[in-house]
Participant: 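Let me give you the structure first, and then I'll get to my questions.
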2 protein chains.
Amino acid sequence: MKIDPNSSADLSAQIAAAIRDAIVSGQLIVDERLPSEAELSDQFSVSRPTVREALKRLAAQSLIRTQRGATGGAFVNRLNYPDAYAQHITTSTLLLSMNAVSFETACEARFAMERACAPLSAKRRTADHLATMRAEIHRQSQPGLTDEAFCASDVAFHRALVDGADNPVLSYQLAGAVEAMQPLMNMITFTARSRETILALHSRVADAIETQNATMADTALVELADYTLTLGRNVMQARLKLHT
Amino acid sequence: MKIDPNSSADLSAQIAAAIRDAIVSGQLIVDERLPSEAELSDQFSVSRPTVREALKRLAAQSLIRTQRGATGGAFVNRLNYPDAYAQHITTSTLLLSMNAVSFETACEARFAMERACAPLSAKRRTADHLATMRAEIHRQSQPGLTDEAFCASDVAFHRALVDGADNPVLSYQLAGAVEAMQPLMNMITFTARSRETILALHSRVADAIETQNATMADTALVELADYTLTLGRNVMQARLKLHT
DNA sequence: CAATTTTCATTTGTCAGACATTTAAAAGTC
DNA sequence: GACTTTTAAATGTCTGACAAATGAAAATTG
């Protein structure tokens, strides 16, 4: 692991990159202890604060964890699903909010991915997943529910649908995408009228998953996608009129 | 933005979290300048190195960028697609390599997502995307191609397929998933015989996309998924035998 | 001898202060 | 007015130090 002191990049960034490469390439394996900060500063010929900045960069990506004490140090972290989720969601949320991604684009991406796992979910869903879906549908039917709570329940419903596919990789990818869209979805204030329609479509999806009817699930999802898109367009148009 | 000095967590982690929340919630907008490191250390009542560690954490997630000089400082970064990609790929790659994700699971997730965007790609693909797909197919037909180069070309082919859907959000999500699988795919050393089959399937996919035949594209992708899965299982079985 | 307590060395976390480097704006010069 | 020089502000880096945590070894005790 070498760095170039004459490079324009920060030393801490270079050191972080060198260690990151060592982890990704497998030179450093899970739970292996990195040299102490003092040893690293010797190896790279930099000061300890610089090494520490590099280590914090890696910690921010959940690549390492640190422990104090005699046998402490920095250890290569086993990246787990919850940590990976959290990062995926943060990144996706910011990507959407900072790049003027249209509601159409995000919506299309979301439902395309959801449709992709519906057939698997129909095949493998457990009683637990079904129960969660039904419970969320029931929650969504409560009249006093705030818009925020409705959206959160919507996310939970779709999360259960995705998890039903029993593929953690798919869940990881999709849950992030769905959750990242929540701020965009919150923009669409669901009136009592539109909630009714969405609720009916959710029920159809749940029915299809329960009876393991992949085609019916797909049809319901397509209708839900179309309806959500229409809703979004109407809201946008209404806002546009307000400003003219 | 407040922190708790009595918390067990690192001060730099708390400060990073506070600033991250301010960014995600929109209190700090894109390109806005954060207070200088000296001002931040005053505000949070910590030393400058601690503040710097917090800022490096945020920089590692591409949430801020720093600039030296008189008008320099830390600025809220507009997260762009390339940066988001890079992070997504790093995270996904490590998640797969560190969690004993089976080839089956990863493969299923990948092709499920790819099938999701094939219909969109069939509808919207441009001449550019088609040309890229054809070029990669041609490259894959070269006899002298190394396994690594073949896999890289495979990734490029599928990347073009995904990009054809003309949905940057979908591209961002899927390209990361496909690329993260490359190490797993590399494990399967493609013999000349299997390359031939894959090549034929790639051609069918390209033909389908060119003629905008979504059904045909889906069929070819399903066959490709099945074939890849079979290949993977055979390789695994062969390895198992070697160890008994 | 076994169990417990104490000591101690190691390592990360934090701080203070200093200097180097970069950068743009302000001041000076022709 | 255009160019050069100075200057101030900010990040990047270094040195040295102390605090706090922690496990292992040493000392103590029954």
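In the text below, chain A, chain B and the rest are named by the order of the sequence lines, each starting its count at 1.
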Participant: Would you indicate, yes or no, if C/dG13 has its OP1 or OP2 atom less than 4.0 angstrom from a side-chain nitrogen or oxygen of A/Thr66?
Facilitator: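 A/Thr66 to C/dG13 OP1/OP2: side-chain N or O found under 4.0 Å.
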Participant: Are OP1 or OP2 of C/dC15 and a side-chain N or O of B/Ser47 less than 4.0 angstrom apart?
Facilitator: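 Yes, within the criterion.
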Participant: Hey, what's the ring geometry for A/Tyr172 with A/Tyr85, parallel, tilted or perpendicular (30° and 60° as the breaks)?
Facilitator: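 Taking A/Tyr85 first and then A/Tyr172, their aromatic rings sit tilted (interplane angle of 30° to 60°).
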Participant: On a plain distance test, is the side chain of B/Arg68 in donor-acceptor contact with the base of C/dT21 below 3.5 Å?
Facilitator: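 Donor-acceptor pair under 3.5 Å: yes.
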Participant: I need the CD-P distance between A/Gln14 and D/dT13, as an integer number of Å.
Facilitator: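 Between P of D/dT13 and CD of A/Gln14: 9 Å.
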Participant: Figure out the CZ/C1' separation between A/Phe75 and D/dT22, and round it to whole Å.
Facilitator: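 Roughly 12 Å, once rounded to whole Å.
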Participant: What integer distance in Å separates B/Arg48:CZ from D/dA9:P?
Facilitator: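 That distance rounds to 14 Å.
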Participant: Is B/Glu32 reaching over with its side chain to a backbone N or O of B/Ile29, donor-acceptor style, under 3.5 angstrom?
Facilitator: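 Answer holds: yes.
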Participant: I need the CG-P distance between A/Leu11 and D/dT11, as an integer number of Å.
Facilitator: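 Result: 17 Å.
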Participant: Is a donor on one side and an acceptor on the other found under 3.5 Å between the side chain of A/Ser12 and the backbone of A/Thr50?
Facilitator: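 Checked: no pair found.
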Participant: So does B/Ala165 get a backbone contact from the side chain of B/Arg124, meaning a donor-acceptor N/O pair under 3.5 Å?
Facilitator: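 Yes; judged by distance alone, with no hydrogens or angles, the pair exists.
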Participant: Given atom CZ of A/Arg33 and atom C1' of C/dT10, what is their separation to the nearest angstrom?
Facilitator: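 A/Arg33 atom CZ is separated from C/dT10 atom C1' by 9 Å.
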Participant: If you compare every side-chain N and O of A/Ser36 against the phosphate oxygens of C/dT10 (OP1, OP2), does one of them come in below 4.0 Å?
Facilitator: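 Answer is no, no contact under 4.0 Å.
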Participant: Given atom CD of B/Glu37 and atom P of C/dG17, what is their separation to the nearest angstrom?
Facilitator: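 The answer, rounded to whole Å, is 17 Å.
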Participant: Side chain of B/Gln61, backbone of A/Thr91: donor and acceptor closer than 3.5 Å?
Facilitator: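 Such a contact is absent between B/Gln61 side chain and A/Thr91 backbone.
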Participant: Roughly how many Å is it from CD in A/Glu39 to C1' in C/dT11, rounded to a whole number?
Facilitator: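 Distance check: A/Glu39 CD to C/dT11 C1' gives 10 Å.
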Participant: At under 4.0 Å between heavy atoms, what does A/Arg65 touch on the DNA or RNA strands: base, sugar-phosphate, or nothing?
Facilitator: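 Here A/Arg65 touches no strand at all.
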Participant: Under 4.0 Å: is that the gap between some side-chain N or O of B/Arg52 and OP1 or OP2 of D/dG12?
Facilitator: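 Affirmative; the distance criterion is met.
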Participant: Do the side-chain N or O atoms of A/Thr50 get closer than 4.0 angstrom to the phosphate oxygens (OP1, OP2) of D/dC14?
Facilitator: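 The answer is yes; a side-chain N or O of A/Thr50 sits under 4.0 Å from OP1 or OP2.
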Participant: I need the CG-C1' distance between A/Asp10 and D/dG12, as an integer number of Å.
Facilitator: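 My rounded result for the distance is 7 Å.
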Participant: On DNA chain D, does the nearest nucleotide to B/Gly69 precede the nearest nucleotide to A/Glu53 from the 5' side, or the other way round? Give the residue.
Facilitator: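 Checking each residue's closest nucleotide, the 5'-ward one belongs to B/Gly69.
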